[in-house]
Amino acid sequence: MNTIGLIAFALVGSAKAIREQFDLFGVAVVGLATAFVGGTTRDLLVNRVPLTLSSLSEVSLGMLGVVLAVGLNVVLDSPDDHPVTMLADAVGLGAFATTGAIVATEAGTSSFGVIAIATINAAGGGAFADLLLDRYPFILVTDFYASCAVLGGVTYRIVTSALATDGAAAALCATVTVGTRLTAVNRGWELPTAQAFGELLLGPDDN
Amino acid sequence: MNTIGLIAFALVGSAKAIREQFDLFGVAVVGLATAFVGGTTRDLLVNRVPLTLSSLSEVSLGMLGVVLAVGLNVVLDSPDDHPVTMLADAVGLGAFATTGAIVATEAGTSSFGVIAIATINAAGGGAFADLLLDRYPFILVTDFYASCAVLGGVTYRIVTSALATDGAAAALCATVTVGTRLTAVNRGWELPTAQAFGELLLGPDDN
Amino acid sequence: MNTIGLIAFALVGSAKAIREQFDLFGVAVVGLATAFVGGTTRDLLVNRVPLTLSSLSEVSLGMLGVVLAVGLNVVLDSPDDHPVTMLADAVGLGAFATTGAIVATEAGTSSFGVIAIATINAAGGGAFADLLLDRYPFILVTDFYASCAVLGGVTYRIVTSALATDGAAAALCATVTVGTRLTAVNRGWELPTAQAFGELLLGPDDN
C-alpha cells in the first residue's frame, strides 16, 4: 500500500506542476514534495531524522511517479484525474494515515497528536505542493480528502484505546480512510463552509 | 495569559479562513495553525517534541477559538476586528513572546536566537496562516505587530543579562509587547518601507 | 565563501522584498530568511539545533546584507541584478551546497539525502523567500539555479564514494556548483518544461 501511495502521490503532484508549466526540476521537486513532505514533517514532529533521507528505495518510488507523470502527460490530458490514479491516491491516503497514527502512538503523543500526525502524514505533502504552486491548499477549501485521514486517525485511536491489537487498529484505520475517500469521490461529498453551516442552523441569510 | 492568547489566535485565524470561504475543515486547520504553529516551530528549533502534540488542554483552547469564530460569524460581521478580540490578541502576543524568550534562553541560544524565537513564537502562527490563505504574511508588509514581539524579546534579553530575576524579565517582556501593541493599534503605527525610508534620508525622489 | 554567500543571499532577498513594498521589518525578515532558512532546514532535517540560533557572527553578516540592500536601493535600481551581486550569489550557492553535502554525509544519510540536503541548503532559503512574497519559488519554474546545487551534490557524493579525501570532494562540489551557475547565467540556460520535453521526444503537438 505504501508503495502504491508513494508512486500515486508523486504522480499527482508532478502532474499539477506540469500543468503550471514548471520546468523539469520543478516538476520533480513538486512530485517528490507531494510524496515525502508529509512523512518528513511527521518525523520532524516526533524528533527523528526523516526516513526519506536514509532510504533509497522510497525515493526511487517517488522518482518513478515523477517519470510516469512526465511520460503519461504526452499521451493523456490529465493523468492525475484518471480513475486508476484516483484509486491509487486513495490507497496512499490510507497507507500514510495509518503510518502516521502508528508513529505518533509509538512517540507517546496525545489523542490529538495521533489524529494530527495521521492527517499531516497523509495530506501534508499535497498541501505543501499547493503552496509551492502558489495557491490555496485545496484540502482546506473544498473536497473531502484530509477529512478521511482525520476519520482514519480517530478510528486508530479508538481501537487502540479499546485494547484491541495494534494490527487491527491499523487495518481499520486504513479501511476507514480508503473507504470514506472512495465514497467521497463517488458521491461528490464536500464539507460546508462556515457560511453554509450558519444558514443550515439559522435558515438563509436575507441580507 | 496563555489561555487568552490561544483562544484569541485561533479565533482570529479561523475568522480569516471563514472570510475566504474555506470549508469547516480548512477553518479549523487555519485556526489551529494560527494558535499552534508558532509554538511548534519554537519547539522544533530547540529540538524537542512539540508540546501541542502531548497536551490536550492547549488544543482544547484552540478548538474553542475555532468554534467561537464559527458561532460569532453568524451574528457579527468580523469577529476578528472586535475590540475585545484585538485586546485578547495583544495579550496572546505578549504571552507567546515571553514563552518563546524563556524557552530560547533555557536552550542556550544567542541573543539573536532569543529575539528570533520570541518573535516566531508570537507571530509565526499568523504568518503561516496567511501563507495557507495564499497571500503575503501581513506582518511583513504593514502594521506594527511582530515588531512588538521583537521589542519584547530585546527587553527580555537585556533584563536577564543585567542579572535581574527571570520573573522580572518575563513580566517586563510581556508588558513591553502588550503595551507597544495596544499603542500601535490606537495610534495606527506603521513601519516605513525602504522607499519611504530612503526619502526620509535623502528627500523625495523626483523621478 | 560562506561569508560572501550570507551577505549576497540576504541582499538578494531583501531587494526582492523592497520591490514588493514590504516594510522594513518585512525586508529584514525576507533577507534573513533567504540567507538562513536553507541552513536551518538542513539542521532540522539532521536533527540538531540550528547553528543560526547560537552564532551571532553569521546573523551579523545577514544583517549587513539587509542594510546593504536598503542602502543601495537609494542609488541603484536593482542591486540584486548587479553583476557583482550575481557573482557573490553564485559563490554563496557553491558554499552552501558544499556545507549541505558535508553535513548530510556526516549525518549518515543516503546518496539522495546528500544531494537533497545540498540543494535545500543552497536554494531552500530563496525558495522560502518567494513563498513569503506570495509567488512561485522561481527555482521551480525557470532559470538554472538549484540544478547547479544538485550537480554539486552529485559531484560530492561521487568523489567521496571514490575514496578521495573529503577536502577534494568539497573543493570539486563548490567548483562544479559555481562553474555551472556562472555558465548558466552567461549562456541563459533553462531547463525544459515537461511539455517542451514531450515535443522534443515526439515532435511538435499539432492539437
Side-chain angles (χ1 to χ4, degrees), chain B residues 41-49 100 103-105 107-120 123-124 127-128 130-151 189-203 205 207, chain C residues 11 13-33 36-37 39-41 43-63 66-77 79 128-136:
Chain B
T41 308
R42 172 202 71 206
D43 287 337
L44 290 180
L45 288 173
V46 302
N47 210 2
R48 65 184 202 190
V49 175
V103 170
T105 304
T109 66
S110 68
S111 306
F112 173 76
V114 172
I115 298 163
I117 291 184
T119 308
I120 288 170
F128 182 75
D130 285 336
L131 291 183
L132 293 179
L133 296 161
D134 192 24
R135 58 188 186 196
Y136 291 141
F138 79 103
I139 57 165
L140 300 179
V141 183
T142 181
D143 212 344
F144 195 89
Y145 187 87
S147 308
C148 307
V150 172
L151 294 175
W189 282 358
E190 294 205 357
L191 282 176
T193 60
Q195 288 82 350
F197 184 70
E199 289 184 14
L200 214 70
L201 293 182
L202 299 182
D205 186 350
N207 290 353
Chain C
L11 193 163
S14 296
K16 290 196 281 188
I18 290 171
R19 210 172 297 129
E20 298 278 333
Q21 307 269 350
F22 277 32
D23 68 26
L24 286 178
F25 174 76
V27 168
V29 167
V30 176
L32 295 177
F36 296 112
V37 162
T40 304
T41 307
D43 287 338
L44 290 180
L45 287 173
V46 302
N47 211 3
R48 65 183 204 190
V49 175
L51 200 63
T52 317
L53 296 175
S54 50
S55 155
L56 268 182
S57 58
E58 296 223 322
V59 173
S60 313
L61 293 170
M63 287 303 305
V66 173
V67 170
L68 273 175
V70 173
L72 290 173
N73 184 61
V74 179
V75 290
L76 287 176
D77 264 346
F128 183 75
D130 285 336
L131 291 184
L132 293 180
L133 296 161
D134 192 23
R135 58 187 186 198
Y136 292 140

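This structure is a prediction, so every number in the text was calculated from the model and none was measured. Order of the sequence lines fixes the chain letters, A, B, ..., with proteins taken first and strands second; residue numbering starts at 1 for each chain.
One finds the CG atom of B/L191 at 4.5 Å from the CG atom of C/D23 (value rounded to the nearest 0.5 Å). With rounding to the nearest 0.5 angstrom, the CG atom of C/D134 is 11.5 Å from the CG atom of B/L140.
With a threshold of 4.5 angstrom between heavy atoms, C/S60 does not approach chain B through any atom at all. Only the side chain of B/V150 comes within less than 4.5 Å of a heavy atom of chain C; its backbone N, CA, C and O stay farther away. Proximity to chain B (any heavy atom under 4.5 Å) is restricted, for C/V59, to the side chain, taken from C-beta onward. In this structure, chain C has a heavy atom under 4.5 Å from the side chain of B/L131, while its backbone stays farther away. Of the two parts of B/F112, the backbone and the side chain both hold a non-hydrogen atom closer than 4.5 Å to a non-hydrogen atom of chain C. In this structure, the portion of C/R48 lying under 4.5 Å from any heavy atom of chain B is its backbone and not its side chain. With a threshold of 4.5 angstrom between heavy atoms, B/D130 does not approach chain C through any atom at all. For chain B, the nearby parts of C/N47 are the backbone and the side chain; heavy atoms of each come within less than 4.5 Å.
For the pair B/Q195 (side chain) and C/I18 (backbone), a donor-acceptor distance under 3.5 Å is present. For C/S54 (side chain) and B/S110 (main-chain N/O), no donor-acceptor pair under 3.5 Å exists by modelled atom type.
Considering all non-hydrogen atoms of both residues, C/L44 and B/L44 come closest at CD2-O, 3.4 Å.
Atom CZ of C/F25 has more than 12 heavy atoms from other residues, nucleotides or ligands within 6.0 Å.
With sequence neighbours excluded, the residues forming a side-chain contact (heavy atoms from CB on, under 4.5 Å) with C/A17 are C/F22, C/V27, C/V30, C/L133, listed by chain and number. Applying the side-chain contact (heavy atoms from CB on, under 4.5 Å) criterion to B/F128, with sequence neighbours excluded, gives B/A33, B/V37, B/L132.
Per-residue heavy-atom pair counts under 4.5 Å with chain B were compared for C/G26, C/S14, C/S55, and the maximum is reached by C/G26. The choice from B/S147, B/A196, B/P192 that makes the most heavy-atom pairs within less than 4.5 Å of chain C is B/P192.
Applying side-chain contact (heavy atoms from CB on, under 4.5 Å) to B/Y136 and the options C/Q21, C/E20, C/R135 leaves one that passes, C/E20.
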